[in-house]
Colleague: 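Below are the structure tokens for one structure; questions will follow.
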Number of protein chains: 4
Amino acid sequence: MPKIVNKQEMREKLLYAALECYYAKGYRNTTMSDIAKTAGVAKGTTYLYFDSKDQLTESLLEMFLCRFEQQTSVIPTCQSLEEFIEVLGNILQVDETQKKYTRIFFDIYGPSFSEAGFTRRLENLYKKFAQLLHRHLKQLQLKEEISPELDTQVLSEVISSFLDGIVLHQCLFDGRTANEKTIKETTLQLLVGGLLKPKSTVLTN
Amino acid sequence: MPKIVNKQEMREKLLYAALECYYAKGYRNTTMSDIAKTAGVAKGTTYLYFDSKDQLTESLLEMFLCRFEQQTSVIPTCQSLEEFIEVLGNILQVDETQKKYTRIFFDIYGPSFSEAGFTRRLENLYKKFAQLLHRHLKQLQLKEEISPELDTQVLSEVISSFLDGIVLHQCLFDGRTANEKTIKETTLQLLVGGLLKPKSTVLTN
Amino acid sequence: MPKIVNKQEMREKLLYAALECYYAKGYRNTTMSDIAKTAGVAKGTTYLYFDSKDQLTESLLEMFLCRFEQQTSVIPTCQSLEEFIEVLGNILQVDETQKKYTRIFFDIYGPSFSEAGFTRRLENLYKKFAQLLHRHLKQLQLKEEISPELDTQVLSEVISSFLDGIVLHQCLFDGRTANEKTIKETTLQLLVGGLLKPKSTVLTN
Amino acid sequence: MPKIVNKQEMREKLLYAALECYYAKGYRNTTMSDIAKTAGVAKGTTYLYFDSKDQLTESLLEMFLCRFEQQTSVIPTCQSLEEFIEVLGNILQVDETQKKYTRIFFDIYGPSFSEAGFTRRLENLYKKFAQLLHRHLKQLQLKEEISPELDTQVLSEVISSFLDGIVLHQCLFDGRTANEKTIKETTLQLLVGGLLKPKSTVLTN
DNA sequence: GATGAATGAGAATTCATTCAT
DNA sequence: TATGAATGAATTCTCATTCAT
């Protein structure tokens with residue numbers, strides 16, 4: 001009988017090794033040898049679990065995105081605007097790990113941004129997130145916690161992009177004037193203000 | 001007698017050639033030969049104007065960022081919230097060219113996101129933009145067009161990130177439910193609402 | 001208690017599996033894994049019966065050559081030229097299987113043609129066949145069915161090569177102008193003519 | 001101005017280097033590095049002249065076949081059977097070089113024998129040679145030097161294969177009982193006999 | 001200045017063989 | 001015996017950079 005190995009475990013081990021390497025040396029400077037060595041196996045072994053470097057990297061993306069989806073899918077339905085804002089606040093709270101990974105993300109998947117498949121995959125992710133927000137917003141509108149005039153559908157997409165912008169800058173830029181807590185609070189204020197207020201008369205367009 | 005050439009002109013020609021190639025085949029699949037051929041010179045000639053592919057690519061970035069800076073620096077001081085919102089609206093208006101370049105951007109500079117120097121450079125760009133917004137917001141606050149309770153400093157950073165998020169998604173994602181005009185309007189509504197309203201009582205954090 | 005297997009049987013099974021694979025994918029594209037899978041055993045098992053891929057392939061050759069030798073060795077002694085010609089005619093009759101194997105043969109053993117051992121092995125095969133022909137020719141000469149001036153020893157070698165040439169082209173080339181039956185008949189005519197006729201006066205060399 | 005090189009000359013240099021290596025170490029054991037080194041250039045240079053090892057090897061084949069075609073195409077029209085036999089005799093005369101190359105041939109192109117394109121290419125070669133023989137045979141038939149009953153068309157193909165068989169064995173097998181001269185003479189005798197004699201009555205098939 | 005032929009380090013991938021179970 | 005996971009040497013091919021002309 002041959003060695004008994006947990007295939008899934010080995011795959012994960014290799015994926016984490018890849019991540020480690022990508023973070024340490026960058027995607028382009030990481031060889032399959034590096035990944036194997038980091039995982040403590042031989043170069044050839046890598047190819048028992050992944051067809052190619054590309055496929056391995058794609059699997060890594062899948063792992064990431066699944067993780068993200070799971071994170072957002074566990075958000076409970078909010079009973080009040082206050083609760084909703086708290087949920088958004090949690091999303092704005094980025095930790096060091098997320099920062100690290102955000103940077104690698106562009107390193108690794110930069111070239112994929114030119115591919116329709118990749119951006120579609122990413123788009124779907126944000127779409128799902130927007131749908132989640134949408135459900136919450138409709139709830140709040142029913143409960144008259146937010147302005148009835150808002151188009152919650154579109155709004156959910158806008159907020160999704162909004163949060164992404166904030167989080168992205170949070171992850172990428174270290175030396176900001178304002179600290180993260182202040183940024184977060186101001187962001188939420190801006191949001192609450194926008195959600196509560198009836199349609200402004202300023203807009204003519 | 002050496003040929004008289006405009007060094008700067010040649011550099012630009014090569015930079016545009018590089019851009020063209022990167023867009024057409026991706027950064028990794030573009031060789032120095034490709035760039036040279038597109039520019040109508042020989043491979044070796046490229047090295048008379050740039051030390052390396054890396055340096056050429058860095059110069060391309062510089063060209064990009066300068067262009068962006070110039071674009072935002074010409075924004076006139078706004079006399080009213082309405083005018084300010086219009087300015088922001090213009091920023092949200094992305095054309096096909098910008099979409100194209102956004103995608104190449106990640107392809108080309110993905111690996112650079114792991115480098116401090118690169119993100120700092122980018123950060124400065126957004127900082128300058130935030131400063132610009134800040135000037136406007138202070139003006140509007142003086143004129144009592146927006147809530148006096150707002151911390152315009154922080155707010156400017158938040159709005160800068162906000163807009164970046166919207167623009168980014170606009171550039172990357174094609175198949176969104178809402179069309180661009182609606183997105184833009186809703187974004188501006190949200191902003192105006194947030195700017196006008198006095199500090200919400202919802203936030204406890 | 002070890003499984004009782006017929007070692008020889010297993011070897012043959014593997015040899016046929018190898019043959020199958022070589023024919024289907026070519027020698028170079030056939031992996032030991034392929035052979036094992038085709039034989040319905042695990043890769044490692046192969047090495048219990050053959051030291052290496054090379055040795056396995058050599059054994060395959062051995063199997064081939066033995067088969068060929070057996071085929072020719074059963075040829076009965078001919079009582080007349082007519083009978084002899086019939087025997088030769090049978091040799092010229094190639095079936096689809098032989099065609100297939102001829103092509104694989106060069107694929108597999110091409111590199112071996114540079115090795116003295118291999119060509120010697122092959123040479124012996126043809127030598128034996130020539131000896132067989134020689135016996136027949138001598139018989140026919142005694143019976144005065146063919147010209148007494150012929151050097152049956154040399155002639156047997158020549159005919160052996162002759163037949164090989166015809167068979168080879170028959171196996172390798174599909175789109176010949178003349179059909180196989182005509183080729184066969186013409187070949188035999190040429191032979192008979194050459195065998196019957198007294199030494200020609202044309203030759204001066 | 002860059003180095004000026006004779007492209008064709010370089011290609012030939014590389015082809016001969018490849019040949020040298022193939023002969024010395026076998027096709028499979030020859031690396032592109034070996035070929036480059038033998039030609040006195042760097043590995044990469046090889047790829048300036050040939051797309052891949054396969055393409056280089058194919059070019060080598062082309063060179064070979066062209067050479068063979070040229071050799072046979074210069075054969076003058078024969079005025080007599082005697083002359084014709086002399087021509088065939090020359091073809092049967094193989095030198096050491098031809099022997100060497102015959103062996104490498106199977107080493108290198110063995111795998112190609114399974115490919116239709118390759119065998120067709122080879123077949124055409126022999127077809128052309130047969131056509132040449134055909135022209136000669138018709139001439140001789142007109143001059144009544146050979147039997148009028150012969151189907152020169154088919155015969156030419158048979159003789160072409162016949163000669164190939166003799167030459168092949170001549171090239172591959174060293175330790176034959178009969179020496180080459182005797183083989184050659186006997187071959188020609190057999191041929192002459194077959195060509196002169198009227199249709200034998202032995203054949204019933 | 002300009003050219004493009006030459007360079008060679010470096011990467012991904014394959015697969016015969018080994019060996020722990 | 002039988003297995004198939006693990007190994008790693010070896011090979012092809014790429015391309016940024018150099019340099020002779």
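All chains are named by letter (A, B, ...) in the order of the sequence lines, taking the proteins before the strands, and each is independently numbered beginning at 1. These numbers come from a predicted model, not from an experiment.
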Colleague: Mind checking side chain to side chain contact (heavy atoms under 4.5 Å, CB included) for C:E62 and listing every partner two or more places apart, or none if nothing turns up?
Modeller: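 Scan of C:E62 (side chain to side chain contact (heavy atoms under 4.5 Å, CB included), adjacent residues dropped) gives C:R121.
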
Colleague: Report the residues that fulfil side-chain hydrogen bond (donor to acceptor under 3.5 Å, both in side chains) with C:Y22, sequence neighbours left out, ordered by chain and then residue number.
Modeller: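 With neighbours one apart ignored, the set is C:T57.
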
Colleague: Choose from F:dA6, F:dT3, F:dT7 the nucleotide whose nearest atom is closest to any side-chain atom of C:L48.
Modeller: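 Nearest to the side chain of C:L48 among the choices is F:dT3.
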
Colleague: Give the residues of residues 52-60 of chain A touching DNA chain E, defined as any heavy atom closer than 4.0 Å, sorted by residue number.
Modeller: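 Correct list: A:S52, A:K53.
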
Colleague: So, using side chain to side chain contact (heavy atoms under 4.5 Å, CB included) as the criterion, who are the partners of A:K25 when residues are at least two apart?
Modeller: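 Expected list: A:N29, A:T30, A:D34.
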
Colleague: Give the residues of residues 27-38 of chain A touching DNA chain F, defined as any heavy atom closer than 4.0 Å, sorted by residue number.
Modeller: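 Those residues whose heavy atoms fall under 4.0 Å from DNA chain F, taken from residues 27-38 of chain A, amount to none.
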
Colleague: Give every residue pair that meets the ring-ring contact (aromatic ring centres under 6.0 Å, His included) criterion with at least one member in residues 37-64 of chain D, sequence neighbours excluded.
Modeller: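 Passing the test, one end in residues 37-64 of chain D: D:F64-D:Y101.
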
Colleague: Over how many whole Å does the gap from C:F50 atom CZ to E:dT18 atom P extend?
Modeller: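 To the nearest whole Å, that distance equals 16 Å.
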
Colleague: Both C:G40 and A:G40 contact DNA chain F. Which one's nearest nucleotide lies toward the 5' end?
Modeller: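 The residue closer to the strand's 5' end, by nearest nucleotide, is C:G40.
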
Colleague: List for me each residue that meets ring-ring contact (aromatic ring centres under 6.0 Å, His included) alongside A:Y23, sequence neighbours excluded, and say none if there are none.
Modeller: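 Result, ring-ring contact (aromatic ring centres under 6.0 Å, His included) vs A:Y23: none returned.
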
Colleague: Could you write out DNA chain E as a dot-bracket string, with dots for unpaired bases, | for bases paired across to another strand, and Watson-Crick or G-U pairs counted at under 3.5 Å?
Modeller: .||||||||||||||||||||

Colleague: I want to check one thing: is the phosphate of E:dA2, taken as OP1 and OP2, less than 4.0 Å away from some side-chain N or O of B:Y49?
Modeller: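 Yes, because at least one side-chain N or O of B:Y49 sits under 4.0 Å from OP1 or OP2 of E:dA2.
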
Colleague: Taking atom P of F:dA10 as reference, at what distance in whole Å does atom NZ of D:K25 sit?
Modeller: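 Distance check: D:K25 NZ to F:dA10 P gives 11 Å.
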
Colleague: With respect to the side chain of D:K43, which nucleotide from E:dT18, F:dA9, F:dC13 is positioned closest?
Modeller: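 My answer, after comparing the listed nucleotides, is F:dC13.
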
Colleague: Using heavy atoms and a sub-4.0 Å distance, could you list which residues of residues 103-113 of chain A are near DNA chain F? By number, please.
Modeller: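 Correct list: empty, so none.
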
Colleague: Please enumerate all residues that pass side-chain hydrogen bond (donor to acceptor under 3.5 Å, both in side chains) together with C:Q55, with sequence neighbours excluded.
Modeller: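 In terms of side-chain hydrogen bond (donor to acceptor under 3.5 Å, both in side chains), with neighbours along the sequence ignored, C:Q55 is linked to no residue.
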
Colleague: Does F:dT7 have its OP1 or OP2 closer than 4.0 Å to a side-chain nitrogen or oxygen of A:T45?
Modeller: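 Checking A:T45 against F:dT7: at least one side-chain N or O falls below 4.0 Å of OP1 or OP2.
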
Colleague: Who pairs with C:T102 by side chain to side chain contact (heavy atoms under 4.5 Å, CB included), at least two apart in sequence or on another chain?
Modeller: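 Testing C:T102 for side chain to side chain contact (heavy atoms under 4.5 Å, CB included), a comparison that skips the adjacent residues, returns C:Q98, C:F106, C:L168, C:C171, C:L172.
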
Colleague: For D:Y16, check side chain to side chain contact (heavy atoms under 4.5 Å, CB included) against everything at least two apart and list the hits.
Modeller: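 Once residues adjacent in sequence are excluded, the partners of D:Y16 under the side chain to side chain contact (heavy atoms under 4.5 Å, CB included) criterion are D:E12, D:L19, D:M63, D:R67.
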
